[in-house]
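Letters A, B, ... are given to chains in the order of the sequence lines, protein chains preceding strands, and every chain is numbered from 1.
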Protein chains: 2
Amino acid sequence: MEFKKLSSPSLKELFIKEMETLILSGRLAIGEKLPPEREIAKSMQISRTVVNAGISELARKGFLTIKPRMGTFVADYRKNGNLETLISIMNYNSGMLRKAEIRSVLELRIALDKLAIESLIPKVTEEDIKTLRGYVEKMKEAETLREVSELAFSFQHELALLSGNTLLPLIFMSFKELVLNLWERFCRLYGKEALYNNTSVLCDHIEQRDAAKAVEWQTAVINETISGSRQIYY
Amino acid sequence: MEFKKLSSPSLKELFIKEMETLILSGRLAIGEKLPPEREIAKSMQISRTVVNAGISELARKGFLTIKPRMGTFVADYRKNGNLETLISIMNYNSGMLRKAEIRSVLELRIALDKLAIESLIPKVTEEDIKTLRGYVEKMKEAETLREVSELAFSFQHELALLSGNTLLPLIFMSFKELVLNLWERFCRLYGKEALYNNTSVLCDHIEQRDAAKAVEWQTAVINETISGSRQIYY
DNA sequence: GTCGTTTTCTGGTCGTACCAGAATAATGAT
DNA sequence: ATCATTATTCTGGTACGACCAGAAAACGAC
């Protein structure tokens with residue numbers, strides 16, 4: 001039995017979480033003006049330092065718009081949000097995503113994996129394949145769902161790195177929390193052997209430099225997951 | 001003659017920029033331990049408030065790792081970076097990107113646009129098309145390069161929104177600075193009429209619900225840009 | 001009512017101080 | 001001298017209170 005490392009969230013994190021909840025639940029309407037930082041601090045019984053830093057971060061996440069010396073306003077995160085916003089939304093729903101969002105992630109993954117695989121195959125070396133295979137092997141031995149999921153993610157990330165497209169790994173990183181979440185649920189549903197098997201077969205196709213088969217396989221796997229996603233969505 | 005709205009960057013922004021420069025130039029090596037916040041503040045003659053907030057933001061961007069009560073360390077942004085990191089790297093090079101990165105962006109756009117178009121076509125309404133057409137019309141009248149670029153971006157963003165995939169618009173937003181930058185250069189090279197024309201034809205194909213033609217056109221346009229990118233790259 | 005002035009409001013920044021965990025130095029028993 | 005224990009230092013997290021300067025609102029003279 002392993003224990004997860006515990007760490008109490010900082011005040012700033014608590015503050016951010018609280019504000020996100022207020023905004024995402026609609027209790028703070030879009031466009032609404034927030035009370036002055038001083039009032040928020042007083043009412044929440046925290047220092048203005050925390051409020052100021054927290055608001056600044058929420059602005060970067062697309063939830064707020066700061067107009068210096070005029071006030072802070074709730075932004076339309078659906079229009080101005082970025083990927084980080086989505087992670088926050090997901091965390092707000094205690095790790096749950098709507099079916100539409102799961103579908104969106106998986107559709108996107110088909111497109112991105114396709115790009116990664118097709119870019120990689122023409123230039124892949126034995127060395128590269130050995131690296132990829134390493135992650136697959138580790139997956140076989142992994143104990144916890146989290147471990148398997150992280151290894152599957154690492155495999156994907158490595159694939160993106162090796163593809164030569166400098167943006168792909170960055171996008172995958174932005175997605176990390178999201179994908180890990182999905183993989184864990186996938187494993188709870190189909191077992192971690194299924195995830196291992198899927199990855200392993202993909203790796204085989206890559207080893208044989210068969211881009212078409214690799215893409216086809218991966219697309220099929222993800223499409224199947226989409227079909228079954230009503231079960232992942234709970 | 002128009003004047004751009006000026007705004008002096010805040011101290012925090014200056015601090016962040018400075019640190020990014022130090023890290024990206026290599027003067028702060030990866031893994032290196034930063035001086036204590038107090039020393040940085042003293043040496044830069046700013047308050048620790050700014051340093052603390054700035055470091056916090058740099059950590060979120062993947063440039064630093066904060067270990068409370070132990071110190072702050074330069075992270076390997078190439079491995080832990082996300083899309084925001086890339087924007088920072090681009091800004092560090094005063095808006096320039098390496099050819100590999102331009103190519104990466106454009107390759108990615110082919111994949112994403114394809115997904116957006118194919119998701120949109122089966123369900124697009126007259127209303128949607130009117131919205132899209134609106135941006136195209138505005139492009140015709142736009143004066144500055146920046147305006148045209150922003151409208152082209154808005155068109156893409158709207159396309160992503162209408163596609164029904166909830167992630168696409170968020171990704172496009174994460175990309176915003178990058179894409180605007182590329183569009184501006186594209187216009188300087190081929191003229192803003194070219195950008196207008198490209199978008200307009202794409203809109204036509206969408207209006208005729210011809211997904212294949214739309215994708216084909218957009219792919220061709222972007223591929224052409226890739227071929228000519230040695231000129232964008234300077 | 002209109003225009004110019006003063007006051008208030010607000011986010012940005014500053015400086016100091018305290019907290020508590022981690023690392024290191026100092027201490028003391030064996 | 002060695003090693004466990006304790007005291008000190010270091011460091012990021014947080015708290016207060018204060019001032020700055022731009023923007024808005026209140027005010028006042030006409």
Query raised in the report: Would A:K12 and B:S56 satisfy side-chain hydrogen bond (donor to acceptor under 3.5 Å, both in side chains), going step by step from the backbone distance to the final call?
Result: CA-CA 11 Å; A:K12 191 175 75 173; B:S56 166; 2.7 Å; yes
Candidate nucleotides [options], ranked by approach to the side chain of [X] - the nearest:
| X | options | result |
| --- | --- | --- |
| B:S47 | D:dA18, D:dG12, C:dC14 | C:dC14 |
| A:R48 | D:dA18, D:dT14, C:dC18 | D:dA18 |
| A:P68 | D:dT11, C:dG11, D:dA15 | C:dG11 |

Query raised in the report: OP1 or OP2 of D:dG12 sitting under 4.0 Å from any side-chain N/O of B:T72?
Result: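 Result: yes.
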Query raised in the report: Can a side chain N or O of B:N52 be found less than 4.0 Å away from OP1 or OP2 on D:dG13?
Result: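 Affirmative; the distance criterion is met.
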Between [N] atom [atom2] and [X] atom [atom1], what is the distance in whole Å?
| X | N | atom1 | atom2 | value |
| --- | --- | --- | --- | --- |
| A:M44 | D:dT14 | CE | P | 15 Å |
| B:Q45 | C:dT13 | CD | P | 16 Å |
| B:E37 | D:dG13 | CD | C1' | 8 Å |
| B:I40 | C:dG15 | CD1 | P | 16 Å |
| B:E39 | D:dT9 | CD | C1' | 13 Å |
| B:R38 | D:dT14 | CZ | P | 14 Å |
| A:K42 | C:dG11 | NZ | C1' | 18 Å |
| B:M70 | D:dG12 | CE | P | 11 Å |

Does some side-chain heavy atom of [Y] sit less than 4.5 Å from a side-chain heavy atom of [X]?
| X | Y | result |
| --- | --- | --- |
| B:E107 | A:L168 | no |
| B:M90 | B:L86 | no |
| A:I87 | A:K61 | no |

Report task. Would you kindly compare B:S10 and A:P36 by the position of their nearest DNA chain C nucleotide and give the one closer to the 5′ end? Result ->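 Residue closer to the 5' terminus by nearest nucleotide: A:P36.
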Report task. Determine yes or no for a side-chain-to-main-chain donor-acceptor pair under 3.5 angstrom, with B:T85 supplying the side chain and B:G62 the backbone. Result ->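 No; zero donor-acceptor contacts below 3.5 Å.
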Query raised in the report: Base, sugar-phosphate, or nothing: which does B:I66 touch, judged by heavy atoms less than 4.0 Å apart?
Result: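 Result for B:I66 = sugar-phosphate.
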Query raised in the report: Starting at the 5' end of DNA chain D, which residue's closest nucleotide do you reach first, B:T49 or B:L34?
Result: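 Looking at the nearest nucleotide for each, B:L34 comes out on the 5' side.
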